[in-house]
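These numbers come from the heavy atoms of this one structure, side chains and all, not from hydrogens, waters or symmetry mates. Along the sequence shown, residues carry numbers from 1.
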Amino acid sequence: MSLLGGRKDSQSRRSGVVTVLDVGSSKVCCIVASLKPAAESQILRGRTHQARVIGIGHQKSQGVKSGVVVDLDRAEHAVRLAVDAAERMAGLTVDSLIVNLTAGRLKSQTFSATVNLGGHEASAGDIKRVLAAGAKQALRAEREVVHALPVAFSLDAERGVRDPSGMVGETLGVDMHVLTGDAAPLRNLELCINRSHLSVERMVATPYASGLAALVDDELEMGAACIDMGGGTTTISVFADGKFVHADAIPIGGNHVTLDMAKGLSTRLEDAERLKVMHGSALPGGSDDRDLVTVQPIGADEGDVPLQIPRSVMTRIIRARIEETLEILRDRLNKSGYGNAVGKRVVLTGGASQLAGLPEAARRILGRNVRIGRPLGVAGLPEAAKGPAFAAAVGLLIYPQVASFEINQFNSISRFRMTGTGGKLHRVSQWFRDSF
């Protein structure tokens, strides 16, 4: 089983090793973790396993813009370096990974399908048939199905059935959330990983992964949105009744704030990034007009005196971009029809969510309670990787624990056409059953 990270001996099979790769616009991160059956938890009741990180490697991203691979060679180089570092730390060789996907104009749709049971008990085969019928509707030219998840089953007139296995009825129905993406960016991301002599076990949408890492079970049940603000993209996922029901992505992120500052202050990108991290805020402060920050102009000679500008000038530039991003997200959320499902709960993750004053700005514009979400329920993360920037990577470790319906019932119809990995999904679920 390739998910075991290279060493295919029985000891490795028992310990259960999963490798994940987060290919972002600002960093590439690889995590190798061992999974063990978990004890009961009050906050994270849905988790079946305890993940312990045994290897981690992260690199500055290259050749990736707004989540899309734009330079294969440079992206491959960054992936190799991150995976090598994680392999060395874990002391094993990786050959396949679970990878996140941000690119490809992710689009959520809901489909319904029914199959006739004729009064019999619903078997695994019936569930598979109804899921296949729902997913088939979503297959379009040049689009790939990334996720096809049952939101709710129905038996005859009874809706909201969580698991129909063994139940009796005339007709079995399903409401499915199907998330699709453009085929070309998916293939290019996989090509970049294949060129590093690695295979893709499964692609998981970034918003889904971030939500799994940052939301606690009560939020998943009652309904909440997770906004992942990355370097080149911002994604949003909506969870309700414990299910992933909607996702969206916009190609705006923290790098755009840095670019705006570099242009507005006429300074280099590295200097703009440093100013943003050290002094940047999404909220105006009382002393902003008096506080001066030092800006090194582009092309200045060593002896030239740097400029002193009021901090309020910098805050105005940051605020304009942040408010625009949050307004787009608010409008997308309201248009999606899931505004009510979210209720008052929004969790911010991603590296760009660490900007000072962002939760307050989000609270005002989104009109909801906002908290910063850190990755939960994974042991052994180094201190530097415990922040919101690593939520997507940690979510990929959690994904195999919650993907039972998608993997078990869905292996034959997932149609990962790229390298024909359809059979692997079955092996993932088989491995989970065998290993634990």
Side-chain angles (χ1 to χ4, degrees), residues 18-33 43-44 46-47 49-53 56-59 61 64 67 82 86 97-103 106 147 179 202-220 224-239 244 246-250 252-255 325 329 342 345-355 358-359 362 370-403:
V18 171
T19 307
V20 301
L21 182 69
D22 172 3
V23 182
S25 308
S26 47
K27 72 171 185 316
V28 174
C29 172
C30 177
I31 301 181
V32 183
I43 308 172
L44 303 169
R47 307 279 178 87
H49 292 75
Q50 167 73 40
R52 173 166 287 282
V53 174
I56 183 168
H58 50 94
Q59 276 296 317
S61 187
V64 179
L97 318 135
I98 297 176
V99 183
N100 68 336
L101 177 78
T102 315
L106 297 175
H147 294 290
L179 186 66
R202 187 76 175 88
M203 283 195 177
V204 180
T206 301
Y208 187 18
S210 298
L212 288 176
L215 297 173
V216 297
D217 282 15
D218 289 344
E219 286 170 327
L220 294 173
C226 177
I227 295 174
D228 186 302
M229 307 187 83
T233 46
T234 297
T235 62
I236 182 165
S237 54
V238 178
F239 289 78
F244 172 45
H246 182 75
D248 208 341
I250 56 171
I252 306 172
N255 295 349
T325 308
L329 290 170
V342 170
R345 279 169 296 278
V346 172
V347 177
L348 294 177
T349 65
S353 69
Q354 297 171 103
L355 181 70
L358 187 64
V370 174
R371 72 172 177 88
I372 297 288
R374 298 176 195 292
L376 300 166
V378 172
L381 276 174
E383 208 53 48
K386 285 183 178 169
F390 288 83
V394 169
L396 293 174
L397 291 173
I398 296 159
Y399 169 79
Q401 306 175 39
V402 295

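At a threshold of 4.5 Å between non-hydrogen side-chain atoms, the residues V204 and L101 do not count as touching. In this structure, V20 and V99 have side chains that are not in contact, with every pair of non-hydrogen atoms separated by 4.5 Å or more. Put simply, the side chain of V53 does not reach to within 4.5 Å of the side chain of V32, judged on heavy atoms. With contacts defined as side-chain heavy-atom distances shorter than 4.5 Å, the pair T234/L329 qualifies. Between P388 and Q354 there is a side-chain heavy-atom pair separated by less than 4.5 Å. Residues T325 and M229 are in side-chain contact: their nearest non-hydrogen atoms beyond the backbone lie under 4.5 Å apart. Side-chain contact between I98 and V18: present, with at least one pair of heavy atoms (C-beta onward) separated by less than 4.5 Å. Taking the side chain as every heavy atom from C-beta outward, C226 and I236 never approach each other to under 4.5 Å.
With T206 as the fixed residue, the side-chain hydrogen bond (donor to acceptor under 3.5 Å, both in side chains) test singles out one of T235, T233, N100: N100.
Under a cut-off of 6.0 angstrom, the local environment of CZ in R345 is crowded, with over 12 non-hydrogen atoms contributed by other residues, nucleotides or ligands.
Here R202 contributes atom CZ and L97 contributes atom CG; the two are 14.5 Å apart, rounded to the nearest 0.5 Å. A distance of 11.5 Å separates CG in L348 from CZ in R374, rounded to the nearest 0.5 Å. With rounding to the nearest 0.5 Å, the separation of CG in L106 from NE2 in H147 is 8.5 Å. Between I31 atom CD1 and L381 atom CG the span is 5.5 Å, to the nearest 0.5 Å. Between L215 atom CG and L376 atom CG the span is 8.5 Å, to the nearest 0.5 Å. Expressed to the nearest 0.5 Å, how far SG of C30 lies from CD of Q59 amounts to 11.0 Å.
When all heavy atoms of G230 and A352 are compared, the closest pair comes out as O-CB, 3.6 Å. Contact record, K386 with P375: O-CD, 3.5 Å, taken as the closest heavy-atom pair. The minimum heavy-atom distance between A391 and A213, with the atom names listed, is O-CB, 3.1 Å. In plain terms, the two heavy atoms of I56 and A385 that are nearest each other are CD1-CB, 3.8 Å. Closest non-hydrogen pair, N255 versus G232, comes out as ND2-N, 4.0 Å.
Aromatic ring centres of H58 and F390: separated by under 6.0 Å.
A parallel orientation is assigned to the rings of Y208 and F244, their planes being inclined by less than 30° (bins at 30° and 60°).
At least one donor-acceptor pair under 3.5 Å links the side chain of S353 to the backbone N or O of G350. Looking at T102, its side chain never comes within 3.5 Å of a backbone N or O of G67 through a donor-acceptor pair. Side-chain atoms of K27 come within 3.5 Å of backbone atoms of A389 as a donor-acceptor pair (strictly under, hydrogens ignored). Here the side chain of S25 pairs no donor or acceptor atom with the backbone of V64 at under 3.5 angstrom.
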Given side chain to side chain contact (heavy atoms under 4.5 Å, CB included), test V28 with L21 step by step and report yes or no. CA-CA 7 Å; V28 174; L21 182 69; 3.9 Å; yes
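The closest side-chain donor-acceptor pair between T349 and D228 falls under 3.5 angstrom.
Residues passing the salt bridge (charged side-chain N to carboxylate O under 4.0 Å, His left out) test with R371 are E219, sequence neighbours excluded.
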